[in-house]
Amino acid sequence: MAPLAPFDLPAIERRIIELWGTYEVEYRSLHGRRPGEDAGGGPPKPSFVFFDGPPFATGLPHYGHLLAGTIKDVVPRYWAMNGYAVERRFGWDCHGLPIESLVEDELDVHGRAEIEALGVPKFNAACRAGVLRYTQEWRKVVERMGRWVDFDDDYKTMDPTFMESVWWVFAQLWEQGRIYEGHRVQPVSPLLGTPLSNFEVAQGPQERNPKTGKDGHKLRDDPSITVRFELEDEPGTFLWAWTTTPWTLPSNLALAVHPDVVYAKVRVVETGELAWIEPGLLAQYQERKRVGETQELERRKGSELAGLAYAPLFPYFAEYREREDGSRWAFKVVVADYVTTDTGTGIVHQAPAFGEDDFEVGKREGLPLVRPMDLNGVFDERVPEFAGQRAKQADKGIVLKLKDAKQLVDQDVYRHAYPHCYRTDEPLLYMAISTWFMKVEDMREQLLANNDEIHWVPKHVGSGRFGNWLGVARDWNLSRNRYWGTPLPIWRCDEDPADMVCISSIAELERRAGLEPGSITDLHRESVDDISFASERTPGGTMRRISEVFDCWFESGSMPYAQNHYPFDPSKKQYVEDNLPADFIAEGLDQTRGWFYTLHVLSTALFQRPAFKNVIVNGLILAADGKKMSKRLQNYPDPLGVVEAFGADALRAYLISGPVVRAEPMRFGRDAKDTKGLIVRDMVKAAILPLQNAYNFLVTYARADGWVPTRETLSARPTSELDLWILSRVQSFVARLRGEFEAYNLDNLVPEWLAMCDELNNWYIRRGRRRYWRGASEDDQDKREAYATLYRVLVTIAHCMAPVLPFFCEHLYQRLVVDVGLAEGPDGDSVHLQRFPVVDESLIDLELERQVARARKVVGLAMALREAERIGVRRPLPSLTVASRDPEVRAAVVRFAAEIESELNVKTIEVVEDDAGLVSLSAKANFKVLGRKLGKKMKVVATAVEQLEPARLREILEGGSVELEGEPLSAEDLLFHRAPLPGRVADSAEGITVVLDTTIDVALEQEGLVRELINRIQNLRKGSDLDVSDRIELAVTCAEQTKLFGALAREDLRGLIQAETLASVLEVNPGSGGHTHQGEDEIDGEQLGLGITVAPAR
RNA sequence: GGGCGUGUAGCUCAGUUGGUUAGAGCGCCGCCCUGAUAAGGCGGAGGUCGGAGGUUCAAAUCCUCCCACGCCCA
């Protein structure tokens, strides 16, 4: 086997990446052959279908991406190792606001007017040029993390093939009648003349609200006016309504009251005016001296006021007063639950085009949608008096006009948090904007039914957050008034807006527009906006494209089809249909209502199936201090820096080991101050070094011994119990890993491995150490089996941890298998082309595993006793007594007596059943057993139990019973506790009692001293850089009156020293020095001198 | 404001159908072991189980309310 090299994990990983590249391992994992090689005659691999959710490439990858990327790698690697072809194409989300915002900044053009002045072609060209700016960095990081994903055969949402499929998807929905034009109230930046997304609104100026102490939108002072509306059927009686947006009053169409709130009709004494208002709020007006004394005349609930007709404030939209059938239409009182009595009058002015609540009320009441201004907030000629004025500037004129007309009850200023434009800093206007919807509400049942087929990790996201969302799914607003995106393929007649066609392919557009086939090579706005054609339905009409583009979620949701240019590419058509739903996807919790939702909605609408079968939802990664990771705060380490310091394997293992793979947030760090990623170093120590150490151990001795593995090594059945045990343990480990992988529970993989590691290093190797070290000449069967077993264990581990630790496992596999010429078959050159180990049930012996666990328990207890007594393990003790009523425990101790004796350095072990005389016994009631039986009597019985005499307890323990408070009790109703008797070196736990005999005679003392001496000699050997197999000539110097000198007089102990330290010569007090390596040391305070010289090879 | 989560040792997290000594790892301190080890073992200190009520013989666990944090939606 190859000699040991210095251990540098990141360097190992870089070499493995090279190796994968040289051998084209990734390609072969997917295709089962090398590039350009004949596929061969065998059946193709079955597919395991993975969909990659596309990230925006406008930023650099952060830990959230690395986490998702790790999940997206671990799972596919597992299935690939089970013989599946796992296609992993990287996806890029190219469209949408992030890139448009960046480009707006770079070009310094903001808003509709400036962009259109620059020209959509130039703007989009800049977006196209800039959107993939970080792809190389992405690739570097993703590859360095060990994630296998195909960047060459990637998909981009801006590819014409992708966009054409999006058109097709949309056309299917159009055919189904799912697409309709509607309105939605959105915030608009008047100077930019464009609606803003929530994201942009949130970027607006923020300010701390002194009242609530919380950050929120910037505060502003708006006019707060109270206006009187005269009842038509009761002239002289008014409704007092409140608003902070006078500019919406010309568009007033209704007044809203809360159905359950009681309103009062009052007479203002001074003026004689009759008015309706909520009485509590009236009192506030009076407190502020805005309204004089009143007399209350009548009270009515809001629901009773509904339907009252009032005279319009302004004449502009009087035509909506009545419908054609003469029924009242607008300018009436309506009810609305959102009305509050916190401020104002309890009667709220309604302009359906200018508020979300107003819009909903208007929709319910069938009110017209009146929006007499453009997106810049400038009044049009439908409001002639204010035409050309901007909304907020018109406030003053409107208030003045109302004042002149004596329609103003009160004028005040209202300070509140209000969203402002992130760019121009001016207040946003909410207004109804035409948008395109997909009908989703009628699909709820089917969406829920399909969701039942999805395996969610964690479960609650599927049933809770996602399921609830599906249950109340709203129609999907899928158009955006933007530039860089897939254009909606709707062409509309300029003569008749109802005359529309939906284009489903490039070919269709070319045909309709009379263009040469193949002449359209791109589908962005600059390429298709100018294409027009004659209407088929409207004579003389011209069809022109509407201006909207798709919400980019629609594009990522179309990815199962669009990444394969479905249905246009005949070679992929069947493939796409066969591969829906995908077997597996994984993204962050924030995608629940994003990508998860859009995938689900579209596949349900198009194919009546879910889009994926299994999904792992990961949580958000926070910095070590619990805050969001922030470049400014520098509260997290650079990802590549961490990888180059500690290795990608360790980072991967760390990332998938916590609840973050079950959608819970994770703090990245060891503690709040760990901004260097030291936690990842901890993972190196916990998960990788032990494996490296085990490997080192094998190689060190195998090389010294000239042991070489053969093919038979991996299948021969050993005879030693220790070997049989570790083989069983490893198979159980494989079985558990498989269970976790198949349940998509990644968080248990590393903990299972750590437990396995402990058994391997701290019992199997520790206990077996001497088996390997018997001198190069000895070649007995047991030694060969020891090597073979350890080798086999390491090879199995290299296979089954490969999905999690792809680098180090590959490294081990190369060293253990490939380097020694044991790689088999065409796929023998990488562990990732190997099969994941199949559980070998014939090797599993659960009883043996339990027995070893019990033996280890006994050892642990006894070690603790030595610790408490301050007796080092090098000092032999005469005996250990183990007492237990559990026959299994006694059997285990007998079975492994030699191991336990050796581990604890005791000469004999005595096993007994009864621990009387060793420990004192006490008992408590077993609440779990008795609670159900006794109910309320539980407490008195429990007290009585604690007062039982130890003698009675022993009787019960031996099968007797007792009656307390009228209740018969036997051993299983009690929990026994054993405490060491004074003077006894004893301890008890879990029904096992161990007692150490610490009386030693001279012989034992001498043996202990010699073992101390051996330790000092070994330290000197190590300090002198001797090879483990070097033979030495040894001299020990010590005073003749010391105990050690006495010990050295014993022939047997001198033999022990020589055997343990490979000393061919042992001289005691030879006089002069003359050795090449010398040392001074002490044992029990007695000084001694050591000298060693490497003996000439024989 | 609504939905879904989370809150247990200094940190990261386990904690079975409710059952009486609430565990592990890391970190800290002490001791021990070691010719595989960038190691390992044993022990110790460290908990009002977010808070308040309630149900129950018995609550970290079930219920209600509140507080804090996260994500999403308003």
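Numbered from 1 within each chain, the chains take letters A, B, ... in sequence-line order.
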Item to complete: In whole angstrom, give me the gap between the C1' atoms of B/G50 and B/A59.
Response: 16 Å

Worksheet item: Expressed in angstrom and rounded to an integer, what is the separation of A/Arg856 atom CZ from B/G41 atom C1'?
Response: 10 Å

Response to the item:
Atom NZ of A/Lys685 and atom P of B/C26 are separated, to the nearest Å, by 9 Å

Practice prompt. Starting from P on B/U12, measure out to CG on A/Leu67 and report it in whole angstrom.
Written response: 17 Å

Worksheet item: Distance between the C1' atoms of B/G5 and B/U48, in whole angstroms?
Response: 25 Å

Discussion item. With nearest nucleotide decided by heavy atoms, which residue, A/Gln591 or A/Pro665, maps closer to the 5′ end of RNA chain B?
Written reply: A/Pro665

Discussion item. For a quick check of understanding: with a heavy-atom distance under 4.0 Å over all strands, which category does A/Asn1015 fall into, base, sugar-phosphate or nothing?
Written reply: sugar-phosphate

Discussion item. Students often mix this up, so state it plainly: with edges at 30° and 60°, are the rings of A/Tyr63 and A/Phe668 parallel, tilted or perpendicular?
Written reply: tilted

Worksheet item: Across the strands shown, which category fits A/Ala686 at heavy-atom distances under 4.0 angstrom: base, sugar-phosphate, nothing?
Response: nothing

Discussion item. Rounding to an integer number of angstrom, what distance separates B/U55 and B/U61 when you compare their P atoms?
Written reply: 15 Å

Discussion item. Please classify the nucleic acid contact of A/Ile765 as base, sugar-phosphate, or nothing, using heavy-atom distances under 4.0 Å.
Written reply: base

Worksheet entry | Between B/G53 and B/U17 - C1' atom distance, rounded Å | 26 Å

Item to complete: In whole angstrom, give me the gap between the C1' atoms of B/G46 and B/U8.
Response: 14 Å

Worksheet item: Going from OG1 on A/Thr435 to CG on A/Leu478, what distance comes out if it is rounded to the nearest 0.5 angstrom?
Response: 8.5 Å

Item to complete: Can you sort out the partners of A/Asn745 under side-chain hydrogen bond (donor to acceptor under 3.5 Å, both in side chains), two or more places apart, ordered by chain and number?
Response: none

Worksheet item: Separation of A/Arg767 atom CZ from B/G41 atom C1', in whole Å?
Response: 13 Å

Discussion item. Which residues pass the side-chain hydrogen bond (donor to acceptor under 3.5 Å, both in side chains) test with A/Thr993, not counting sequence neighbours?
Written reply: A/Asp915, A/Ser988

Fill in: Heavy-atom pair with the smallest gap, counting every atom of A/His258 and A/Val339
CD2-O, 3.3 Å

For nucleotides 14-18 of chain B, tabulate all protein N/O to nucleotide N/O atom pairs closer than 3.5 Å, reporting atom names and distance.
residue, atom, partner, partner atom, Å
B/A14, OP1, A/Arg662, NH2, 2.5
B/U17, O4, A/Lys928, NZ, 2.3

Discussion item. Between B/A9 and B/A24, how many Å separate the two C1' atoms, rounded to a whole number?
Written reply: 11 Å

Worksheet entry | d(CH2, A/Trp763; C1', B/G40) in whole Å | 14 Å

Worksheet entry | Distance-only polar pair, side chains of A/Trp476 and A/Asp551, donor-acceptor under 3.5 Å | yes

Discussion item. Measure OH/A/Tyr597 against C1'/B/C73 and give the value in whole Å, please.
Written reply: 12 Å

Fill in: Closest-nucleotide 5' rank along RNA chain B - winner of A/Gly464 and A/Asp758
A/Gly464

Worksheet entry | Spacing between A/Asn762 atom CG and B/C42 atom C1', to the nearest angstrom | 12 Å

Show the atom names and distances, to 0.1 Å, of all donor-acceptor pairs under 3.5 Å that link a side chain in residues 466-475 of chain A to residues at least two apart or in another chain.
residue, atom, partner, partner atom, Å
A/Asn468, ND2, A/Gly464, O, 3.3
A/Asp475, OD1, A/Val440, N, 2.8
A/Asp475, OD1, A/Glu441, N, 3.0
A/Asp475, OD2, A/Tyr180, OH, 2.6

Practice prompt. With C1' as the reference atom in both, quote the distance from B/G19 to B/A60 in angstrom, rounded to an integer.
Written response: 13 Å

Discussion item. Is the phosphate of B/G3 approached by A/Arg465 (side-chain N or O, under 4.0 Å from OP1 or OP2)?
Written reply: no

Practice prompt. Considering only atom P, compute the distance from B/G2 to B/C66 and round it to an integer number of Å.
Written response: 9 Å

Worksheet item: Would a line drawn from the ring center of A/Tyr597 to the ring center of A/His600 be shorter than 6.0 Å?
Response: no

Discussion item. So, OP1 or OP2 of B/C33: does either fall under 4.0 Å of a side-chain N or O from A/Arg874?
Written reply: yes

Practice prompt. Stems involving RNA chain B: give each as a range paired with a range, ordered by first number, where a stem means at least three consecutive Watson-Crick or G-U wobble pairs under 3.5 Å.
Written response: B:1-7 with B:67-73, B:10-13 with B:23-26, B:28-32 with B:40-44, B:50-54 with B:62-66

Item to complete: Report the distance from atom CG of A/Asn693 to atom P of B/G40, rounded to the nearest whole Å.
Response: 8 Å

Worksheet item: Is the distance from OP1 or OP2 of B/A36 to the nearest side-chain N or O of A/Tyr695 less than 4.0 Å?
Response: no

Worksheet, complete the sentence: Side-chain contact check for A/Asp590: nearest option of B/C71, B/C73, B/G5 is B/C71

Item to complete: Would you name the heavy atoms of A/Gly64 and A/Ile621 that are closest together and state the gap between them?
Response: N-CD1, 4.2 Å

Discussion item. A/Arg662: which residues meet the side-chain hydrogen bond (donor to acceptor under 3.5 Å, both in side chains) condition with it, sequence neighbours left out?
Written reply: A/Asp747

Item to complete: Give a yes-or-no answer on whether the side chains of A/Asn905 and A/Arg1011 include a donor-acceptor pair shorter than 3.5 Å.
Response: yes

